[in-house]
Amino acid sequence: MPSAEMTPASMHEPEPVRPATAEPVRPTSEDEIARAGSELIGGPLGRRALLGTSWWTPVRVVALVAIGMFALGLVQKAPCYHSAWFFGASSQYTHACYSDIPHLYQGRGFADHLVPYFDKLPDDMSGGMGYLEYPVLTGVFMEVASWLTPHSGGIQQQEQWYWFVNAGMLLVCAAVIAVCAARTHRRRPWDGLLVALAPAFVLTATINWDLLAVALTAAAMLMWSRSRPVAFGVLLGLATAAKLYPVFLLGPLFVLCWRAGKWRELTQAVAGTAIAWFVVNAPVMLFAFQGWSKFYTFSQERGVDFGSFWLIWAQNSSNPPSTGFVNTAATVLVVLCFLGIAALTFTAPRRPRFAQLAFLVVAAFILTNKVYSPQYVLWLVPLAVLARPKWRDFLIWQAGEIAYFLGIWMYLAYTTSGDAHKGLPTHGYHWAIVLHLAGTLYLCAVVVRDILMPERDVVRRSGDDDPSGGVLDGAQDVFVLGTAAHPPRHAAHIEVPQVDWGRPLPPSSEVRSL
């Protein structure tokens with residue numbers, strides 16, 4: 001049974017020292033896939049290249065690539081924009097270009113100028129939903145887009161305009177996400193290209209409004225990396241007002257600040273989150289409580305749905321689990337995962353990086369949840385880039401997500417095409433779910449390995465400690481469990497030099513790319 005220890009700083013390794021130079025890490029020098037891919041634009045950056053002398057800074061390049069890739073995603077939706085959203089039961093699925101946005105323009109009352117949360121939706125319009133089932137800040141985003149949409153012409157034309165206006169607003173969110181990912185790790189701006197070029201990011205960006213919460217979360221991560229806990233809290237509170245998942249980031253922050261003794265900064269972050277969330281929600285909560293609470297009641301009452309392992313169980317069982325059982329079981333599973341992540345934090349040989357734990361908690365929520373919509377991958381993309389900026393692992397995970405993206409639309413095409421049976425039958429769709437789950441579990445396993453064997457962590461191998469950690473970066477531990485205060489003992493042994501935390505490796509050292 002491990003024992004808790006209040007450990008003085010002298011028992012741990014000396015405080016990390018920043019590298020003498022702040023030269024950005026070149027991905028072509030440490031990542032074999034990035035090196036091979038660079039041949040398309042002339043090959044890896046040379047040793048004598050003059051950095052910082054051109055307008056084409058890494059952040060600007062990342063932002064422009066993100067905008068270009070987002071535009072390609074709009075092109076991919078073109079078949080639906082012109083006809084598939086409006087004609088044919090299955091054509092929007094066979095073209096894999098479905099989006100909630102045009103359908104909810106009329107289905108949630110925006111075409112009729114109904115006020116979200118305050119005006120009840122007619123049953124024939126909303127399918128008995130009653131009120132808008134999205135968190136308040138997302139509802140505001142949807143309403144603003146409705147104000148900018150011309151309410152003239154036929155309903156099809158209005159829905160096209162509504163999707164196009166939303167796409168423009170979501171483009172801003174996508175650029176913010178890419179820029180924040182590029183700037184969070186000061187010495188690794190080129191990692192932002194992983195976000196900008198992520199295939200699943202491009203394909204799912206305009207399915208729903210998730211990019212708003214993702215952008216606010218990415219901005220919050222950037223503020224924490226700059227040691228600004230109040231700004232982090234405010235942005236995280238706004239993100240939570242747009243989607244529930246961002247609030248889970250306070251869990252990793254709690255255990256990391258506990259291990260490092262950073263209680264003041266944690267308090268500021270939590271207070272900022274709570275106040276920002278309350279300021280956004282309070283007016284609707286006080287004056288339209290029934291509409292405000294719809295998001296929470298809908299989440300509770302919703303049955304087993306697409307993309308989860310619960311669906312595989314339900315569709316292969318003669319006695320499928322009830323919604324109440326799944327709610328309870330999913331809650332127990334995610335709590336156990338969170339407790340496991342907390343135990344990992346306190347027992348790891350080196351305090352985990354904030355981005356690593358942030359990725360793990362959101363991934364745990366996704367894996368155990370009773371529904372997985374294809375756009376939920378957007379929640380993980382920037383966190384995955386910060387947690388494990390390695391092209392090989394990232395693309396393995398993305399391959400699983402692309403398989404799921406195609407699988408769900410082909411399955412819906414199969415179920416909506418009648419006797420024609422166009423698309424993927426139920427068992428084929430189950431395999432698509434398995435690929436998504438396996439890809440996410442694989443990336444989680446690699447991140448956990450990096451935590452247990454820090455010398456394999458790509459970020460720390462380049463000489464940094466926790467560049468997304470803000471006040472945690474280079475901080476001494478004050479509370480650990482068991483053997484965490486002692487030199488790491490690894491289950492697997494590899495012939496690589498031990499990392500001197502925060503110091504660059506000697507020029508002669510060679511670390512095998514993993």
Side-chain angles (χ1 to χ4, degrees), residues 70-116 119 121-134 138-139 141-171 173-174 200 202-212 305-307 371 373-376 378 404-424 429:
F70 190 94
L72 289 179
L74 301 186
V75 173
Q76 190 267 335
K77 298 294 187 289
C80 280
Y81 180 85
H82 292 297
S83 63
W85 286 331
F86 315 105
F87 307 106
S90 63
S91 56
Q92 60 184 332
Y93 305 129
T94 55
H95 287 92
C97 55
Y98 173 85
S99 173
D100 288 326
I101 295 172
H103 298 299
L104 296 188
Y105 173 70
Q106 185 176 24
R108 295 302 179 266
F110 296 105
D112 298 316
H113 305 282
L114 299 183
V115 179
D119 293 335
L121 302 171
D123 289 343
D124 60 342
M125 176 188 296
S126 65
M129 187 64 67
Y131 293 93
L132 183 66
E133 72 277 23
Y134 288 87
T138 297
F141 189 94
M142 299 163 74
E143 179 73 354
V144 170
S146 175
W147 294 341
L148 298 174
T149 298
H151 287 260
S152 58
I155 188 62
Q156 177 180 331
Q157 185 179 9
Q158 292 182 44
E159 289 177 349
Q160 288 173 321
W161 267 111
Y162 187 63
W163 177 83
F164 198 77
V165 169
N166 274 281
M169 296 167 66
L170 293 171
L171 170 60
C173 295
V202 174
L203 293 170
T204 62
T206 57
I207 291 179
N208 203 277
W209 292 270
D210 294 65
L211 279 184
L212 172 62
D305 215 330
F306 296 115
V371 59
S373 298
Q375 72 272 11
Y376 288 3
L378 298 171
Y404 179 72
F405 175 84
L406 296 175
I408 187 172
W409 304 134
M410 293 303 100
Y411 172 66
L412 288 171
Y414 181 87
T415 58
T416 58
S417 59
D419 294 335
H421 294 311
K422 301 176 182 177
L424 195 65
Y429 176 53

Query raised in the report: How many angstroms lie between CG in Leu170 and CD1 in Ile207, if you round to the nearest 0.5 Å?
Result: 11.5 Å
Query - Considering all heavy atoms, the nearest Ser417-Ala413 contact - result: OG-O, 2.8 Å
Requested in this report: Sequence neighbours left out, what passes side chain to side chain donor-acceptor pair (under 3.5 Å) with Glu133? Give chain and number order.
Outcome: Arg108
Report task. Hey, could you give me each pair passing side chain to side chain donor-acceptor pair (under 3.5 Å) that has a residue in residues 82-97? Not counting sequence neighbours. Result -> Gln92-His103
Query raised in the report: Among Phe86, Trp161, Tyr98, Trp163, which one satisfies ring pair (Phe, Tyr, Trp, His ring centres under 6.0 Å) with Tyr81?
Result: Trp163
Query raised in the report: Which residue pairs pass the salt bridge (Lys or Arg N to Asp or Glu O under 4.0 Å) test when at least one of the two sits in residues 88-100, sequence neighbours left out?
Result: none
Query - Flag, side chain of Gln76 to backbone of Ala96, donor-acceptor distance under 3.5 Å - result: yes
**Report entry** Passing candidate, ring pair (Phe, Tyr, Trp, His ring centres under 6.0 Å) with Tyr411, options Tyr429, Tyr404, Phe405
**Finding:** Tyr429
Query raised in the report: If you measure from CG on Leu104 to CE on Met142, what distance do you get to the nearest 0.5 Å?
Result: 5.5 Å
Query raised in the report: For Met410, what residues pass the side-chain contact (heavy atoms from CB on, under 4.5 Å) criterion, not counting sequence neighbours?
Result: Leu424
Query raised in the report: With side chains defined as the heavy atoms from C-beta onward, is the minimum distance between Pro116 and Phe110 less than 4.5 Å?
Result: yes
Query raised in the report: Which atoms form the tightest heavy-atom contact between Cys173 and Leu212, and what is the distance?
Result: SG-CA, 3.9 Å
Requested in this report: Report the distance from atom CG of Asp210 to atom CG of Leu378, rounding to the nearest 0.5 Å.
Outcome: 6.0 Å
Query - Any pair counted as salt bridge (Lys or Arg N to Asp or Glu O under 4.0 Å), so long as it reaches residues 405-415, sequence neighbours left out - result: none
Query raised in the report: Can you name the nearest heavy-atom pair linking Pro374 to Ile408, along with the distance?
Result: CD-CD1, 4.0 Å
Report summary line: One should read off an interatomic distance between Asp112 CG and Asp119 CG, to the nearest 0.5 angstrom, of 10.5 Å
Would you list the atom pairs, donor with acceptor, under 3.5 Å between side chains in residues 146-157 and any protein atom, with sequence neighbours excluded?
residue: Trp147; atom: NE1; partner: Glu143; partner atom: OE2; Å: 3.0
residue: Thr149; atom: OG1; partner: Ala145; partner atom: O; Å: 2.7
residue: His151; atom: ND1; partner: Tyr105; partner atom: OH; Å: 3.0
residue: His151; atom: NE2; partner: Ser146; partner atom: O; Å: 3.0

Query raised in the report: Any donor and acceptor pair, going by atom type alone, linking the side chain of Thr206 with main-chain N or O of Ala167 inside 3.5 Å?
Result: no
